[in-house]
Amino acid sequence: MLPAEVQFHILKRGSVEIVPEDEFLEKLKRSVATGKPLIVKLGLDPSVPDLHIGHSVVLRKLRQFQDLGHEVVIIIGDFTAMIGDPSGQVKTRPQLSREEVERNARTYAEQYCKILDRSKTKVTFNSEWLSKLSFEEVIKLASNVTVSQVLEREDFSRRLRSGSELRLHEILYPLCQAYDSVVLNADVEMGGIDQKFNILLGRELQRRLGKEPQVGFFMPLLIGLDGKEKMSKSLGNYVGIAEPPKEMFGKLMSMPDELMHDYFILCTDVPEDEIESILSGHPMEAKKRLAWEIVRIYHGEEEANEAKDEFERVFSRRELPTDVPEVVISLSKIGSEDGKLQLARLLCAIGVASSGREAHRLIEQGAVEINGERITDRFAKVEVKTGDIMRVGKHRWIKLIVES
RNA sequence: GCAGGGGUGCCCGAGUCUGGCCAAAGGGGCGAGACUGUAAAUCUCGUGGGCGCCGCCCUUCGGAGGUUCAAAUCCUCCCCCCUGCACCA
């Protein structure tokens with residue numbers, strides 16, 4: 001094991017806050033002295049089936065803990081997900097059924113294993129202990145927390161002040177999470193800075209129950225591709241860990257320039273001084289490098305190269321992508337006269353447009369090309385044959401397979 | 001239970017008092033085009049459906065009826081949501 005100070009230095013990098021810092025160092029020292037690893041906890045919410053690179057920020061930090069010899073425990077919040085989580089958004093998250101939760105939780109393993117060391121990762125479900133608590137025990141647990149403590153949480157106080165909805169079970173959620181820490185005897189709880197309240201409540205609850213309090217370890221939140229909100233699936237501004245390489249690369253290329261620095265720091269292994277030099281160059285080249293680095297982590301170097309090639313081919317040079325989806329069209333079904341058919345109907349049949357009106361719009365806007373020839377007459381009739389390439393907009397390509 | 005505020009197009013949100021000019025402002029998102037450094041940034045246009053379509057028609061504003069030549073807008077009943085008060089072993 002590395003000396004505590006060295007570990008501390010490595011781990012601290014990239015974090016926003018460690019509460020309290022000196023206690024964390026003490027724990028590390030003790031761990032080194034006794035040879036006992038720290039128990040580092042992370043709660044994951046199974047209400048979303050996919051992990052995205054926002055989650056990876058925290059997972060990557062956990063990997064560092066693992067590599068330093070500590071024990072990482074992932075808690076799938078299956079029980080809390082069935083209660084529904086106050087997400088900090090205006091609305092509360094839906095309460096999931098047991099089946100949904102289980103389905104989602106199962107897909108997690110393969111995803112976080114791209115980052116964590118599987119053999120060193122312990123996974124538990126918090127329903128294991130939370131579902132066994134009696135109501136009496138719950139009330140006793142709740143007695144350890146005051147209402148004003150809970151109302152300190154900004155999200156709660158704001159909603160209360162503005163007179164919007166706040167339900168009792170939402171207040172219980174942080175208590176569940178806190179109790180997880182008690183059960184696990186967690187030394188450290190990892191989380192995004194938005195988890196501050198919940199994690200510190202865990203610390204508080206441990207103390208009240210006579211256990212050694214955990215340290216809160218906070219990572220910054222990754223801003224999503226929209227450049228405004230934190231990355232989340234529901235906002236659609238995310239890049240999923242399990243997404244195919246080309247898609248991943250493309251999505252990353254669509255982020256605002258200003259985000260690049262954060263992404264380099266939080267999502268890649270590129271050393272800081274190198275990041276600076278990359279960012280001082282051409283923004284597009286920098287972004288390509290960033291996208292490449294991230295794709296490489298999840299899919300390997302070869303796939304990353306391929307994704308980059310594809311991107312340059314399609315968007316920079318505006319050439320055909322390597323694999324163009326094929327669509328079978330039936331002339332008789334669409335309705336043709338002497339082999340010619342209405343372009344607008346064709347677009348609908350392919351599924352590119354959901355209505356005739358939309359098809360007309362696309363055509364008139366100049367979005368439709370067949371074999372490189374733009375067609376702008378919405379009443380145009382075209383003659384198509386198998387192998388014809390249709391392009392709709394900048395990045396939709398279709399190879400036609402014609403049947404009579 | 002009582003009082004008040006709401007339910008509008010993918011989302012948010014005007015419009016309701018003073019019926020028609022409302023397929024319904026504005027913003028977001030999304031789509032397209034131009035430009036370019038990319039699915040960055042910026043600018044422009046579009047964003048219910050049907051019709052060979054610069055006009056006409058159809059279906060939309062929680063639900064069901066009604067008044068009217070005409071209703072998102074007025075009336076009746078119903079459903080749902082939120083807030084406050086009351087109740088509170």
Side-chain angles (χ1 to χ4, degrees), chain A residues 87 89-92 94 135-136 139 156 158-168 170 223-229 232-240 243-264 278-295 307-319 321 335 337 340-348 350-369 374-382 390-397:
Chain A
S87 59
Q89 315 287 318
V90 189
K91 281 185 181 157
T92 57
F135 198 57
E136 183 187 347
I139 291 175
F156 287 155
R158 181 169 37 78
R159 280 157 69 188
L160 209 59
R161 236 183 300 123
S162 69
S164 58
E165 171 185 1
L166 178 60
R167 303 204 174 233
L168 197 56
E170 299 184 56
I223 303 293
L225 295 176
D226 58 2
K228 293 174 202 139
E229 311 275 356
S232 87
K233 173 119 180 178
S234 55
L235 291 171
N237 60 358
Y238 72 104
V239 179
E243 286 191 66
K246 284 169 191 166
E247 177 116 6
M248 206 182 241
F249 195 97
K251 271 193 176 182
L252 288 165
M253 287 303 288
S254 78
M255 78 169 69
D257 290 357
E258 306 80 67
L259 251 51
M260 288 196 279
H261 184 262
D262 278 4
Y263 274 63
F264 263 119
I278 291 171
L279 288 178
S280 62
H282 194 293
M284 187 176 70
E285 290 308 320
K287 208 179 281 180
K288 280 183 188 170
R289 173 70 186 279
L290 173 63
W292 183 86
E293 288 286 347
I294 294 176
V295 173
K308 179 168 180 259
D309 288 347
E310 176 83 355
F311 184 85
E312 287 170 346
R313 187 180 310 123
V314 176
F315 295 104
S316 303
R317 299 199 296 275
R318 307 216 165 174
E319 292 167 10
E337 307 156 29
K340 293 193 166 197
L341 42 84
Q342 290 241 342
L343 181 56
R345 289 197 189 287
L346 179 59
L347 292 175
C348 291
I350 291 172
V352 160
S354 56
S355 70
R357 269 186 122 81
E358 191 181 339
H360 287 149
R361 269 182 236 126
L362 284 169
I363 296 169
E364 290 191 321
Q365 286 172 145
V368 183
E369 278 178 17
R374 179 179 282 185
I375 300 170
T376 51
D377 172 13
R378 69 171 147 166
F379 297 122
K381 287 196 172 107
V382 294
M390 189 164 196
R391 182 185 183 189
V392 182
K394 279 190 181 116
H395 57 279
R396 267 183 297 179
W397 306 81

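Numbered from 1 within each chain, the chains take letters A, B, ... in sequence-line order.
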### Query
Hey, mind stepping through A/Phe264 and A/Arg289 against side chain to side chain contact (heavy atoms under 4.5 Å, CB included) and telling me if it holds?
CA-CA 9 Å; A/Phe264 263 119; A/Arg289 173 70 186 279; 4.1 Å; yes
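Counted by atom type alone, A/Ser316 and A/Glu312 present zero donor-acceptor pairs between their side chains at under 3.5 Å.
Remark: the A/Asp226 side chain and the B/G29 base include no donor-acceptor N/O pair separated by less than 3.5 Å. Interface remark: the A/Glu285 side chain does not form any donor-acceptor pair with the B/G37 base, using a distance-only criterion of under 3.5 Å.
Using atom C1' as the reference point in both B/U47 and B/C10, the two lie 10 Å apart (nearest Å). If you take atom P in B/A40 and the same atom in B/A32, they sit 11 Å apart, rounded to whole Å. A distance of about 11 Å separates the P atoms of B/A71 and B/A23, rounded to the whole Å. Remark: the separation of the C1' atoms in B/U18 and B/A72 is 16 Å, to the nearest Å. Going from the P atom of B/A39 to that of B/A34 covers 11 Å, rounded to whole Å. Distance noted for atom C1' between B/G20 and B/U68: 11 Å (whole Å). Remark: the separation of the P atoms in B/C11 and B/U59 is 23 Å, to the nearest Å. Rounded to whole Å, the separation between the P atoms of B/C77 and B/A3 comes to 14 Å.
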Would you list the atom pairs, donor with acceptor, under 3.5 Å between side chains in residues 248-260 of chain A and any protein atom, with sequence neighbours excluded?
| residue | atom | partner | partner atom | Å |
| --- | --- | --- | --- | --- |
| A/Lys251 | NZ | A/Tyr238 | O | 3.1 |
| A/Lys251 | NZ | A/Glu243 | OE1 | 3.3 |
| A/Lys251 | NZ | A/Glu243 | OE2 | 3.1 |
| A/Ser254 | OG | A/Lys251 | O | 2.7 |
| A/Asp257 | OD1 | A/Lys287 | NZ | 2.8 |

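In this structure, B/A70 forms no base pair with any nucleotide, since neither Watson-Crick nor G-U wobble geometry is met with both distances under 3.5 Å. Pairing partner, B/U76: B/A64, with both Watson-Crick or wobble hydrogen-bond distances short of 3.5 Å. Using the Watson-Crick or G-U wobble rule with both distances under 3.5 Å, B/G55 pairs with B/C51. Look at B/A14: it lacks any Watson-Crick or wobble partner with both distances under 3.5 angstrom. Base pairing annotation: B/U83 forms a Watson-Crick or G-U wobble pair with B/A3, both donor-acceptor distances under 3.5 Å. B/C45 is paired with B/G31 under the criterion used here, namely a Watson-Crick or G-U wobble arrangement in which both key atom distances are under 3.5 Å.
Using a 4.0 Å cut-off, no side-chain N or O of A/Ser254 falls inside it from OP1 or OP2 of B/A40. Between A/Arg361 and B/G49 there is a side-chain polar atom (N or O) within less than 4.0 angstrom of OP1 or OP2. Neither OP1 nor OP2 of B/A41 sits under 4.0 Å from any side-chain N or O of A/Lys287. Contact check, A/Arg396 against B/A32: a side-chain N or O comes under 4.0 Å of OP1 or OP2.
Comparing B/U38, B/A32, B/A34 by their closest approach to the side chain of A/Leu362 singles out B/A32. Checking B/G29, B/G37, B/A40 against the side-chain heavy atoms of A/Pro256 singles out B/A40 as nearest.
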Every protein N/O lying under 3.5 Å from an N/O of nucleotides 50-55 of chain B:
| residue | atom | partner | partner atom | Å |
| --- | --- | --- | --- | --- |
| B/G50 | OP1 | A/Gly356 | N | 2.7 |
| B/G50 | OP2 | A/Gly356 | N | 3.4 |
| B/G50 | OP2 | A/Arg357 | N | 2.8 |
| B/G50 | N7 | A/Arg357 | NH1 | 2.4 |
| B/G50 | O6 | A/Arg357 | NH1 | 3.1 |
| B/G52 | O6 | A/Lys381 | NZ | 3.2 |
| B/C53 | O2' | A/Arg378 | NH2 | 2.4 |
| B/C53 | O2 | A/Arg378 | NH1 | 2.2 |
| B/C53 | O2 | A/Arg378 | NH2 | 3.3 |

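Using a 4.0 Å heavy-atom criterion, one finds that A/Arg318 contacts the bases of the nucleic acid, with or without backbone contacts as well.
A/Pro321 is not listed as a side-chain neighbour of A/Arg313, based on a closest heavy-atom distance of 4.5 Å or more.
Annotation for A/Leu347 and A/Met390: closest pair CD2-CE, 3.3 Å, computed over non-hydrogen atoms. Looking at every heavy atom in both residues, A/Pro245 comes nearest to A/Ala307 through O-CB, 3.8 Å.
Without hydrogens or angle criteria, A/Arg357 side chain to A/His360 main chain gives no donor-acceptor distance under 3.5 Å.
Using a 4.0 Å cut-off between charged nitrogen and carboxylate oxygen, A/Arg361 and A/Glu358 do not count as a salt-bridge pair.
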